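Worksheet: one structure, shown below.
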Amino acid sequence: MSTKPSETIYWSTVCLDDWQLHVAANEEGVIFVGSNNRPLAELEAWARAKYAKHTLVRDDSRLQPFADELMQYLQGKLSQFTAPVFYEGTPFQEAVWKALADIPYGETKSYSDIAQAIQKPGAVRAVGAAIGANPVLITIPCHRVIGKNGALTGYRGGMAMKAKLLKLEQQAP
């Protein structure tokens with residue numbers, strides 16, 4: 001994306017049943033969704049690495065619209081997010097993340113499918129690395145990428161979270 005983010009990163013925690021996710025946004029949109037049941041230190045470390053000069057400020061009300069969407073998704077009541085997402089990466093990473101966002105709810109693609117989608121069929125490993133760098137779990141649905149043989153493969157949020165998200169999407173009406 002092209003705009004420069006503000007100096008403040010707003011964060012909140014979304015809790016629903018056995019889900020606890022730290023989320024963050026800047027003025028442009030959601031910039032981070034963390035792994036399930038991980039400590040706030042996950043967000044803090046990411047923010048230090050990516051936005052060292054920014055300040056983290058808890059602001060539950062600012063993030064409430066996104067939190068509401070995320071809770072509806074986790075309940076199987078929402079299949080597409082409308083909250084704006086802001087991400088910054090290399091042009092290659094951003095192409096991969098856009099391709100991930102194009103995977104329909106309840107469907108999966110392989111790493112080679114994503115490489116084909118971005119017209120870099122020989123870049124399957126690089127696609128995997130870009131997927132691993134996705135800062136906005138669930139919203140940019142990297143959990144929908146599986147091995148070519150149908151096996152579940154690595155996920156920043158952990159394999160249990162990936163399996164749970166895929167199961168949720170398969171069961172939703």
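Basis for what follows: all heavy atoms, side chains included, without hydrogens, waters or symmetry-related copies. On a predicted model such as this, the values are computed, not experimentally measured, just so you know.
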- From CA spacing to verdict: side-chain contact (heavy atoms from CB on, under 4.5 Å), Y73, L16: CA-CA 11 Å; Y73 168 85; L16 178 73; over 6 Å; no
Side-chain donor-acceptor contacts of residues 150-160 below 3.5 Å, not counting sequence neighbours, with atom names and distances?
from, atom 1, to, atom 2, distance (Å)
T153, OG1, Y111, OH, 2.8
R156, NE, N134, O, 3.4
R156, NH1, E42, OE2, 3.2
R156, NH2, V33, O, 3.0
R156, NH2, N134, O, 3.3
R156, NH2, P135, O, 3.3

- Message: Does any part of the side chain of L74, heavy atoms only, come nearer than 4.5 Å to the side chain of L165, both counted from C-beta?
- Response: yes
- Task: Check the surroundings of atom NZ in K162: do more than 12 heavy atoms from other residues, nucleotides or ligands lie under 6.0 Å from it?
- Result: yes
- Taking atom types as modelled, find out whether E7 and Y51 have a side-chain donor-acceptor pair closer than 3.5 angstrom. no
- Could you go step by step and tell me if K50 and I31 meet the side-chain contact (heavy atoms from CB on, under 4.5 Å) rule? CA-CA 11 Å; K50 184 76 175 161; I31 59 172; over 6 Å; no
- Item | Backbone N/O of M71 and side chain of W19: donor-acceptor pair under 3.5 Å | no
- Item | Separation of E88 CD from N26 CG (nearest 0.5 Å) | 8.0 Å
- Rounded to the nearest 0.5 angstrom, the CZ-CG distance for R38 and L40 is 13.5 Å
- Task: Indicate the atoms forming the closest heavy-atom contact of K109 with I114, along with that distance.
- Result: CB-CD1, 4.1 Å
- Non-hydrogen side-chain atoms of M161 and L137 separated by less than 4.5 Å: yes
- Any side-chain donor near an acceptor of the partner, S61 and D59, under 3.5 Å: yes
- Message: Suppose we screen for side chain to side chain donor-acceptor pair (under 3.5 Å). Which residues come up paired with K120, at least two apart in sequence or across chains?
- Response: none
- Query: Can you find a pair of side-chain heavy atoms, one from Q20 and one from T13, that are under 4.5 Å apart?
  - Reply: yes
- Message: Within this structure, what is the CZ-NE2 distance for the pair R58 and H22, rounded to the nearest 0.5 Å?
- Response: 8.5 Å
- Can you tell me if Q72 and D68 form a side-chain donor-acceptor pair at under 3.5 Å? no
- What heavy-atom pair brings F66 and A83 nearest, and what distance separates the two atoms? CD1-CB, 3.7 Å
- Message: Looking at every non-hydrogen atom in both residues, tell me the closest pair between L100 and P141 and how far apart they are.
- Response: O-CG, 3.2 Å
- Item | Interatomic spacing from OG in S110 to CZ in R144 - rounded to 0.5 Å | 15.5 Å
- Note, N36 side chain near L21 side chain (heavy atom, < 4.5 Å): yes
- Message: Ignoring hydrogens, what is the shortest heavy-atom contact between Q93 and A133? Give both atom names and the distance.
- Response: NE2-CB, 3.5 Å
- Message: Determine whether a donor-acceptor pair (N or O, by modelled atom type, separation under 3.5 Å) exists between the side chain of E28 and the backbone of V85.
- Response: no
- Would you check, one step at a time, whether the test side-chain contact (heavy atoms from CB on, under 4.5 Å) holds for F81 with L70? CA-CA 8 Å; F81 292 91; L70 190 54; 4.0 Å; yes
- Task: Quick one: closest heavy-atom pair of L63 and A24, and the distance?
- Result: CD2-C, 4.2 Å
- Query: A99 and I118: which non-hydrogen atoms are nearest, and at how many Å?
  - Reply: CB-CG2, 3.9 Å
- Interatomic spacing from CG in L166 to CD in E107 - rounded to 0.5 Å: 12.0 Å
- Task: Please examine the side chains of Y87 and E94, heavy atoms only from C-beta on, and report whether any two atoms are closer than 4.5 Å.
- Result: yes
- Message: Checking I9 against F32 for the side-chain contact (heavy atoms from CB on, under 4.5 Å) test, could you report, in this order, the C-alpha distance in whole Å, the side-chain angles of both residues, the deciding distance, and whether it holds?
- Response: CA-CA 10 Å; I9 296 173; F32 180 86; over 6 Å; no
- Rounding to 0.5 Å, atoms OG1 (T82) and CD (E69) come to a distance of 3.5 Å
